[in-house]
Amino acid sequence: MKGAGLFLITSLLFLHARAQGPTKQDYARAVSFRWQNINNKKAYNLFLQANWFADSSGFWYVTQSKEGKSYHKWLRSDQSIHPIVSADTLPAKPAAAEDAMEEKSPDGKWIAYSDHYNLCLKSTATGEVRQLSSAGFKNYEYASYYGWGEIIVGENGMRPSHFAVSWSPDSKWIQTYICDLRSAQKMYLLDWSVDTLYRARLLSYYRGSPGDTDMVHMTPVYFNVETGEEIRRDEFRNVNAVGCEWSKESGVSYVEEQVRGYQRVNLYRYDLNARNLDKIYSESSPTNIDGYRSDLIEESGKVLLTSEKDGWRQLYLLNIKDHAVKPLTSGAWYVNDVLFIDKKKARVMFMASGKEPGRNPYYRHAYTVNLDGTGLRLLTPENANHAISVSPDGEYFVDNISALDQPTRSVLRDSKTGKIILELSKADIGGLMDMGYRFPEAFTAVGRDGVTPIYGAIWKPTHFDSLKKYPIIDQTYTGPHTHQFPEEFVSSLNRSNQALAELGFIVVTVDGMGTAGRSKAFHTISYHNMGKNLLDHVLAIRELGRRYAWVDTTRVGIFGHSAGGYDAGHAVLEYPDFYKVAVASSGDHDFRMEKDWWPEMYMGWPVDSTYNQVSNITMAGNLKGKLLLVHGGIDENVNPSATFKLAEALVKADKEFDMLILPSQHHGYTGKSADYFLKKRWNYFVENLLGEKPIWDFDLR
């Protein structure tokens with residue numbers, strides 16, 4: 001009896017140690033930590049948006065407090081901040097972009113426009129009309145372009161009209177494209193969401209899938225304005241992309257070609273007068289070329305290249321005359337972006353991460369360097385992330401300094417030295433802290449190679465008890481073009497992971513090997529292998545379980561949207577004994593059904609067996625846990641067909657699963673549908689991971 005009593009006491013203690021089911025008060029607290037209920041309600045000035053005047057004479061900005069908005073402007077003339085009494089005095093924001101159907105030449109003598117799918121010119125002096133092209137017709141359209149998200153309504157609906165040309169600086173040439181849709185395939189949607197219609201609307205849009213040849217083709221074409229001569233470049237018709245930039249030299253254009261498959265980039269100097277196409281740079285990779293960029297600096301006879309070609313994303317200078325390439329920056333760190341090129345002073349301002357020793361490799365810092373390679377200078381020394389807005393002339397920049405545990409401080413800095421000129425605002429998080437808010441905690445773990453550190457963050461409930469065992473939920477997005485570590489304070493809040501944690505969970509996000517922002521070797525892990533970097537998530541969560549007694553690695557859930565939706569589905573199919581519950585929203589569950597460029601960049605081209613190997617649909621028979629599939633009914637970004645195909649595969653495999661279709665929603669969910677999905681996601685974890693009865697009737701406001 002003594003042993004039985006001890007067993008009973010131990011069992012009761014174990015049950016007490018487990019995180020208990022959420023109450024109405026827990027739901028209310030979770031709601032209070034939603035981003036919509038924090039931003040400018042419990043926390044203010046989390047990110048300052050600088051609105052620079054076009055002449056760089058200053059900028060205006062808004063600060064927030066409990067009393068409301070305040071408008072300010074900083075003027076360069078007196079280096080001071082001035083209050084703006086009325087928002088009506090602010091410069092008018094540009095109107096929403098309309099598709100302009102004509103464009104005037106730089107010298108003002110001609111107006112280019114299209115008529116019956118051909119390119120025409122009209123004299124501004126006499127009204128004379130000249131038709132430059134004559135071969136255009138519907139679906140073979142001059143001076144048009146392909147609108148990636150454009151929707152065509154009805155079986156015989158018309159594609160929206162588009163117009164785009166590029167005049168040479170001297171107005172002697174026009175460059176444009178022929179948009180060839182003759183063999184292009186469409187994707188389709190049925191819209192059941194219109195209240196007044198009792199039959200679904202048929203929606204369609206042009207979209208190529210990986211491996212397709214019957215897709216939209218854009219053919220570059222040039223016209224000599226004086227003679228009307230047409231010069232086509234058909235050799236660039238079947239590439240991933242081609243960009244053309246005019247030189248200041250008459251009749252000279254720079255053409256950048258991304259060869260299909262993203263394993264080669266070519267840059268040409270094209271002299272239209274001599275019909276000479278001179279390749280001045282080429283780069284190839286056995287995997288893929290991602291993050292490549294070129295910027296013409298003709299004043300210095302150079303092209304600034306941004307490339308991962310030597311193992312880290314760095315800056316290079318290409319000499320236009322002799323084609324020589326020299327590194328402008330180098331080292332085991334990552335150039336994020338080029339902010340400003342000062343062509344007169346021959347210097348470049350750029351963002352980079354991982355350069356400062358001992359700091360989080362995802363923190364971004366601003367630097368400047370001269371085009372001769374000298375004068376590399378750190379402009380933002382604070383050990384935090386820096387989100388930058390540069391003045392049009394490059395002389396000043398506004399810096400939002402923050403980290404996941406450092407509320408935002410917004411300052412104005414000098415671009416030459418980085419010196420802080422003045423402080424603009426500081427985040428006020430008093431109301432957030434009064435709610436018992438805990439900053440998320442950064443952590444590191446070891447990647448699959450046993451050596452490489454990977455980074456993540458942990459959100460705990462405000463009522464956290466280290467004596468309890470908490471289920472852990474992985475918020476995922478392993479898309480190789482980005483990373484998930486919340487380096488900014490605002491990004492640690494706007495995901496609403498704290499809200500989910502309040503229901504009795506530990507929430508984590510992890511950047512496994514194969515994601516962006518680190519070395520080329522780190523990035524390339526995902527090539528031909530998307531989805532498999534979830535292994536690093538599994539290893540990291542297990543490591544957290546060994547490190548902390550309050551992490552229950554027998555109850556692991558996962559959720560994600562878009563590529564994260566693919567992850568969530570993949571997790572319970574690839575690792576069915578580890579991930580027990582998944583919510584997969586708007587997932588691209590088979591990359592063969594996706595838009596062509598993204599999978600061809602990261603899974604390769606031509607399409608091979610690896611596409612089949614990483615498909616969630618082909619793994620449907622592995623499901624053991626609970627899976628909720630969610631999709632917007634009219635999602636033109638990630639077509640819902642892959643979710644339906646996965647559902648069909650699960651049915652054929654006799655696997656139990658749940659599915660929610662939001663008929664009126666595109667790729668991002670809004671309004672009542674967004675609220676409904678949030679409640680569904682929360683409760684799916686409460687019921688299936690926490691093992692408690694969920695509450696539905698609670699207010700999200």
Side-chain angles (χ1 to χ4, degrees), residues 240-241 243 256 258-259 261-267 281-297 302-318 325-341 347-357 359-371 373 376-380 385-388 390 447 452-455 477-485 487-488 511-527 529-530 533 597-598 600-602:
N240 279 119
E256 182 178 283
Q258 290 184 337
V259 179
Y262 297 100
Q263 293 179 289
R264 180 175 292 276
V265 172
N266 297 316
L267 183 62
Y281 179 75
S282 185
E283 179 179 326
S284 62
S285 170
T287 56
N288 60 358
I289 296 175
D290 193 12
Y292 170 87
R293 166 176 170 165
S294 65
D295 292 279
L296 180 62
I297 315 177
K302 303 288 195 298
V303 178
L304 179 68
L305 305 174
T306 309
S307 172
E308 289 183 320
K309 70 187 185 73
D310 291 331
W312 290 84
R313 193 166 188 246
Q314 294 289 339
L315 299 176
Y316 301 84
L317 281 178
L318 165 68
V325 178
K326 295 182 179 179
L328 183 60
T329 62
S330 62
W333 44 279
Y334 186 90
V335 172
N336 306 108
D337 196 16
V338 174
L339 292 172
F340 186 82
I341 301 174
R347 69 184 182 101
V348 178
M349 185 177 176
F350 63 95
M351 298 296 290
S353 55
K355 186 178 186 305
E356 306 309 312
R359 298 189 180 183
N360 186 294
Y362 295 106
Y363 287 168
R364 298 185 178 208
H365 294 274
Y367 299 84
T368 187
V369 65
N370 297 323
L371 288 182
L376 179 62
R377 183 170 193 164
L378 172 65
L379 300 175
T380 55
N385 188 72
H386 300 264
I388 304 300
V390 184
T452 303
I454 59 174
Y455 289 75
Y477 190 99
T478 67
H481 59 290
T482 187
H483 68 268
Q484 282 296 286
F485 184 84
E487 63 268 23
E488 293 180 287
D511 277 309
M513 299 179 74
T515 51
R518 307 278 291 274
S519 69
K520 174 65 173 174
F522 187 98
H523 198 188
T524 298
I525 293 293
S526 59
Y527 189 66
N529 203 32
M530 280 205 288
N533 58 6
W597 74 265
W598 198 75
E600 288 186 7
M601 168 69 83
Y602 299 111

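Side chains included, hydrogens not; waters and symmetry mates left out as well; all remaining heavy atoms used. We're numbering straight along the sequence, starting at 1.
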Answer yes or no: is there a donor N or O on one side and an acceptor on the other, between the side chain of [X] and the main chain of [Y], under 3.5 Å?
X	Y	answer
Asn385	Glu488	no
Asn336	Ala352	yes
Glu600	Gly261	no
Thr380	Ala366	yes
Gln263	Thr287	yes
Asn533	Gly512	no

Report the distance from atom [atom1] of [X] to atom [atom2] of [Y], rounding to the nearest 0.5 Å.
X	Y	atom1	atom2	answer
Leu378	Tyr367	CG	OH	5.0 Å
Ser519	Tyr334	OG	OH	10.5 Å
Tyr362	Glu487	OH	CD	9.0 Å
His483	Phe522	NE2	CZ	10.5 Å
Arg264	Asn240	CZ	CG	13.5 Å
Thr368	Phe340	OG1	CZ	10.0 Å

Could you go step by step and tell me if Lys520 and Ser285 meet the side-chain contact (heavy atoms from CB on, under 4.5 Å) rule? CA-CA 11 Å; Lys520 174 65 173 174; Ser285 170; 4.2 Å; yes
Partner of Met351 by side-chain contact (heavy atoms from CB on, under 4.5 Å), out of Val335, Leu339, Leu379: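 Exactly one option meets the side-chain contact (heavy atoms from CB on, under 4.5 Å) with Met351, and it is Leu339.
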Please determine, by modelled atom types, if Thr306 and Arg313 share a side-chain donor-acceptor pair under 3.5 angstrom.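 No - no donor-acceptor pair under 3.5 Å links their side chains.
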Under 3.5 Å, is there a donor-acceptor pair between the Thr329 and Gln314 side chains?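 Short answer, yes.
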Any non-hydrogen side-chain atom of [X] less than 4.5 Å from a side-chain atom of [Y]?
X	Y	value
Met601	His481	no
Pro357	Trp333	no
Thr515	Pro480	no
Tyr262	Trp597	yes
Arg518	Ile525	no
Lys355	His365	no
Glu283	Ile289	yes
Val303	Leu317	no

Closest heavy-atom pair and its distance - [X], [Y]:
X	Y	result
Pro361	Tyr455	CD-CZ, 3.3 Å
Leu318	Tyr281	CD2-CB, 3.7 Å
Gly447	Ile454	CA-CG2, 4.2 Å

Evaluate side-chain contact (heavy atoms from CB on, under 4.5 Å) for His523 paired with Asp290, printing each intermediate quantity in order. CA-CA 9 Å; His523 198 188; Asp290 193 12; 3.1 Å; yes
Applying salt bridge (charged side-chain N to carboxylate O under 4.0 Å, His left out) to Asp337 and Arg364, what does each step give before you reach the verdict? CA-CA 10 Å; Asp337 196 16; Arg364 298 185 178 208; over 6 Å; no
With side-chain contact (heavy atoms from CB on, under 4.5 Å) as the criterion, how do Glu356 and Tyr363 come out once you've worked through the C-alpha distance, each side chain's angles and the decisive distance to 0.1 Å? CA-CA 9 Å; Glu356 306 309 312; Tyr363 287 168; over 6 Å; no
